[in-house]
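Report on one structure; see the data block that follows.
Sequential numbering from 1 along the given sequence is applied to the chain's residues.
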Amino acid sequence: MFGFVSSPKQNWSAILSVLALSVAPIATSAQEASTNVLDLEFLPPEITPSHICVPRAPDADTIETWRNWDGVRLPNVDHALIKRDINRLQQINASYWLETIELIITRLAEADPSYAGNNALLARISAMVAAGAFEELSSQQLIAQLAADEELLSPRIKTALSGYFRNGLGVERDVEHADALLVDAGYSGNADALLTLTKRELAGTSPEGWDVAPELAVTMAFGSLVGELNPSICDRVARIAREYSNGEIVRPNPQLAHDWFRFAADLGDSNSAWKIVEFHMLAENFEKDNDVLLHYLTQAADAQLPYAQIALGRVYETGALVERDLDRTLQLFRAAAKSGGRPGLTRLALFLETYADRYPGTNDERLAALNNLAEHPGAAGWVFSRLADDVYERKGRWGGQAEALVYLERAAELGDMDGSINLAINLVAQRSGEHEIERAVDLLSYSVSALGGVNPAKLLHGVFMCQAPDSPRVQEAQYWQSIEAATGTSNVEIAARDLIELDNEDDALTIALIQSHALYGRAKAMASYLKYLENSPDTTPEMLAFWHEYSNQYTSVLEALADLEFELAENPAERIVAFSLLRQEYKLSGAPAALALAQAILDYQSDTEFSTADVRTLLEAPAGEGQGAAMQLLAALDPSDDSGRAVFEQFADVIEANGDFDALLFAVPFLEAEKQENYLSRAAGIIPCDYKNVMAMSRLYLEIGNSENAVHWMRIAEYLMEDNPWTMVDLARSELNVLGVEAAPKAMDLFERAAALGDVNAPRGMFDLLVTNDAETYDPERAALLITQAMDDPEHAYLNRFLGAYRGANDEVKAEIESRLDMPQVYMVAAESGDIFSMRTYALYLRENAANTTDLATSTEWLARAAEGGDTTAMAELGYALAFGIGTEADLDNAVVWLERAAANGSDKAATITALLNLNEDT
């Protein structure tokens, strides 16, 4: 044991001699009084680690103990620990706990005579000061009571009383008397007094009567703090460590501060153990030792310090200093969360979210942590976003919409970007009025400008172009589309073949864009960047390993990689890789990936052995989650006429609660009119704003007989075609189908644009409009020119298509075109290019206009080629020629064969000739 006894001023030199012999080693450097801090080393004694100190209980346990206290019997623990609890309750919330603290003091004074009297009085005063109860303190004259026994007070109480007089707390301010009390306490060896006086000495403001050298005073103070080796020693020596940390009196010395905290930790103080951890974690002007860090971190965690449990849990989670152990991590995070503090609850909730697959059945525990976090005054916005996600998960996007909205409002209020975006999406989906749309726009705009959101610009384009009740608001939609393009956040669309041929020098910007989008977590971009890296000669194994590991954080990346593999594959063997990726994604993600796997199996049926039952099983899961595309495939698997209704009835409740856009559209034809309007409104509120989905809305309206809305969605589709020629042709045909010749000028423009971009179907659309004589686009001269141009094309790619349209025109139009063309020549060119109809037409022309037997023979040859190609009329005409020897020798047997084939295909002429031939044979 080592300790120090208070002594009057006349015994000061003797005290210092005892100190010098009792505490070693001490090294001092003489300082002038004007020096701001002292260069003084006061090292801790060498001790054997032992649990002398009782670690302070976690705040949650302390609060629980005194919240449930009956106010009569004190807990059966050392009174020193109860005093420590009084101090801690003051620090936590003095005003809240003041009444309890005063009752504890009363009971403690009753149980411990040494605490009664002035010690209890000082404790009561301290609590009232901490609680700000100054009026009550003055009215009860408690400090005056304490001052009445001034001569009998201990140095500790004199030091405290000095502070009250200096600040005028509960008594009239008297600085001179305060100084006298402080000097008296200093000469009596009180550590707080000694350190306060030294600080004033160094600042040049020492009070009258104080003439002790700073080095000696601090040495005495530190020695007094060490004192006896009893359970309170750790609290005292931690003060020494803090002095070496803050450097107000002694020069900052991280190593000495560390060593004093370690001294306290080795005596059992968990808070000091945590301070050691902080030294080694920060490693500022200090040599880090991971073994020491881990040792004391474990000590602090074992003592139930939540922040230490969290830090140790992170160590085990990352495997940075120890072998990775997620079970141990979960154990530590659960222990930290038990205290009820935000850090522990946060770590537990996020851990269970991240490792949900590894720890199934823990979702209720995760939600409990989130709900506890939500009750904290300083709860973060992401907590409420996740609670909203849970509502959607349990009740569906429609079934849980109202409840989730409450959480999302709170998340947005707290500035959570995901919550703000999801709130905006929710408001748009309701389509309840202009106010909600404008609020959604404000939220998304703020996410773009203030929070740096990547996706909100795209969402804003969708709101204005498709989802708002008064869409399309084209100017606003295009503005946000330009913002997306300007910020480089637009999707990068690139073919798989082009992707693997990217060059690091020539295509640096494209590669950088793909990489940026991959960093955002976009699955398609991630897959594209991985595919590029796999084929780039500049890729190192370390780079590829990093990106593979990074991609594991996100869903659907394997599915996106499979799409690229399918695009690149040219045979079943090469598609094996894509199927493998989809099965791996399905194994990891379940229902979300089942649809893609089922679709691939159906698309490449010859590549894999499968049964309809297998595909149906795959589709049941995503359909059960409200994915309409899966429902559509399930209906397609059943060839019966009522398959769609059967699938709808199976999943009607799912669609009502959680149906996605495709599911809502799938359901509409099977609903009553009022319910149809509701589902169509829902669909419009969540429609993915692209050409494909907008046209799906248009066709559905057409299907249910609402051509006005069908045209409305076609008008929106016009702005979503981009430079895709297929969409131009599709929209042109769709508008012609609904509006007829009224749409001809616009359709012609679309066909011409698509043709200029190389679409192979667009020229036929143009020709159809040129030969429609009641349309504004009617132009037989241009139609004839197209035929002429097609004849000049060595491959004759369009000639046969144009002739097909020509044959469907009325006689007046045909005459107009024929007057501008050499039709026999046209038919000959078309016949030679392989058009069966042109073969027959050219053959009949030659037969009707034959100048000699050679023309007749050529005619019959063309009829034979057309008949062999499957043309029924050519079969009949060939049979006729063979029967009567026109352009060939008569061959009755062959004639009957061809005539019977033509008759079987419905040719009346063939049937008549066959009957005639049979009659002649009978005769």
Side-chain angles (χ1 to χ4, degrees), residues 725 729 748 751-752 754-773 775 777-882 886-888 898 902 905 907 909:
V729 172
M748 177 61 83
F751 283 135
E752 288 174 338
L757 292 169
D759 186 87
V760 296
N761 297 307
R764 167 62 191 264
M766 293 167 55
F767 193 90
D768 285 337
L769 293 175
L770 293 172
V771 299
T772 302
N773 61 338
T777 54
Y778 176 58
D779 189 343
E781 183 174 351
R782 187 179 175 193
L785 178 61
L786 287 180
I787 291 176
T788 301
Q789 292 171 341
M791 290 173 64
D792 293 337
D793 178 8
E795 297 182 2
H796 307 300
Y798 298 109
L799 179 58
N800 299 330
R801 298 180 187 182
F802 293 159
L803 289 176
Y806 156 79
R807 289 191 292 269
N810 62 36
D811 292 340
E812 180 183 345
V813 174
K814 288 180 181 177
E816 287 283 350
I817 293 175
E818 289 169 0
S819 67
R820 292 170 170 80
L821 295 170
D822 181 352
M823 290 309 297
Q825 180 67 17
V826 172
Y827 282 127
M828 183 188 74
V829 172
E832 290 174 344
S833 72
D835 180 52
I836 293 172
F837 178 84
S838 295
M839 292 177 188
R840 184 241 297 173
T841 303
Y842 182 55
L844 293 177
Y845 171 82
L846 287 176
R847 189 166 73 186
E848 292 169 3
N849 297 279
N852 49 54
T853 57
T854 300
D855 288 344
L856 288 175
T858 303
S859 168
T860 302
E861 289 175 4
W862 280 113
L863 284 174
R865 291 175 64 179
E868 288 167 357
D871 184 83
T872 299
T873 302
M875 293 177 189
E877 295 295 343
L878 177 60
Y880 175 77
L882 289 170
I886 301 173
T888 184
W898 283 110
N905 288 343
S907 172
K909 181 176 181 178

**Message:** Other residues, nucleotides and ligands only: do more than 12 of their heavy atoms fall within 6.0 Å of CD on E781?
**Reply:**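 For E781, atom CD is not crowded (no more than 12 foreign heavy atoms under 6.0 Å).
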
**Prompt:** Considering residues, nucleotides and ligands other than Y798, do more than 12 of their heavy atoms fall under 6.0 Å from its OH?
**Reply:**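 Counting neighbours around OH of Y798, more than 12 heavy atoms of other residues, nucleotides or ligands fall under 6.0 Å, so yes.
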
Quick one: [atom1] on [X] to [atom2] on [Y], what's the gap to the nearest 0.5 Å?
X    : Y    : atom1 : atom2 : value
T873 : D871 : OG1   : CG    : 5.0 Å
L785 : R820 : CG    : CZ    : 11.0 Å
N905 : T872 : CG    : OG1   : 4.0 Å
L856 : N849 : CG    : CG    : 10.5 Å

With a 3.5 Å distance limit and no angle check, can you tell me whether [X] reaches the backbone of [Y] through a side-chain donor-acceptor pair?
X    : Y    : result
T860 : T888 : no
T841 : S838 : no
D855 : A851 : yes
S859 : A843 : yes

Would you say that [X] contacts [Y] through its side chain, given a criterion of any heavy-atom pair below 4.5 Å between the two side chains?
X    : Y    : result
Y806 : K814 : yes
R847 : I886 : yes
Q789 : L799 : no
D759 : F751 : no
L770 : M748 : yes
Q825 : M791 : yes
W898 : Y880 : no

Nearest heavy-atom neighbours spanning [X] and [Y]:
X    : Y    : value
A866 : I836 : O-CG2, 3.6 Å
A902 : M875 : CB-CB, 3.7 Å
F767 : A805 : CD2-CB, 3.4 Å
A755 : M766 : CB-SD, 4.0 Å
V729 : A762 : CG2-CB, 3.9 Å
I817 : A783 : CD1-CB, 4.2 Å

**Request:** Quick one: do S833 and N800 satisfy side chain to side chain contact (heavy atoms under 4.5 Å, CB included)? Show the steps, please.
**Result:** CA-CA 8 Å; S833 72; N800 299 330; 3.5 Å; yes

**Request:** Could you label the plane-to-plane angle of the Y842 and W862 rings as parallel, tilted or perpendicular, counting under 30° as parallel and over 60° as perpendicular?
**Result:**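 The arrangement is perpendicular - the two ring planes meet at more than 60°.
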
**Message:** Using the rule given for side chain to side chain contact (heavy atoms under 4.5 Å, CB included), can you reason through T772 versus Y778, listing the C-alpha separation, both sets of side-chain angles and the distance that settles it, and then say yes or no?
**Reply:** CA-CA 6 Å; T772 302; Y778 176 58; 5.8 Å; no

**Request:** May I ask you to decide whether R840 forms a salt bridge with E868, counting only side-chain N to carboxylate O separations under 4.0 Å?
**Result:**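 No, no charged N to carboxylate O under 4.0 Å.
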
**Request:** Give the intermediate values and the outcome of side chain to side chain contact (heavy atoms under 4.5 Å, CB included) for residues R801 and N761.
**Result:** CA-CA 9 Å; R801 298 180 187 182; N761 297 307; 3.9 Å; yes

**Prompt:** Which of these passes side chain to side chain contact (heavy atoms under 4.5 Å, CB included) with P780: E812, E816, E818?
**Reply:**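 For P780, the side chain to side chain contact (heavy atoms under 4.5 Å, CB included) check succeeds only for E816.
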
**Item:** Trace of the side chain to side chain contact (heavy atoms under 4.5 Å, CB included) decision for Y827 with D835
**Value:** CA-CA 9 Å; Y827 282 127; D835 180 52; over 6 Å; no

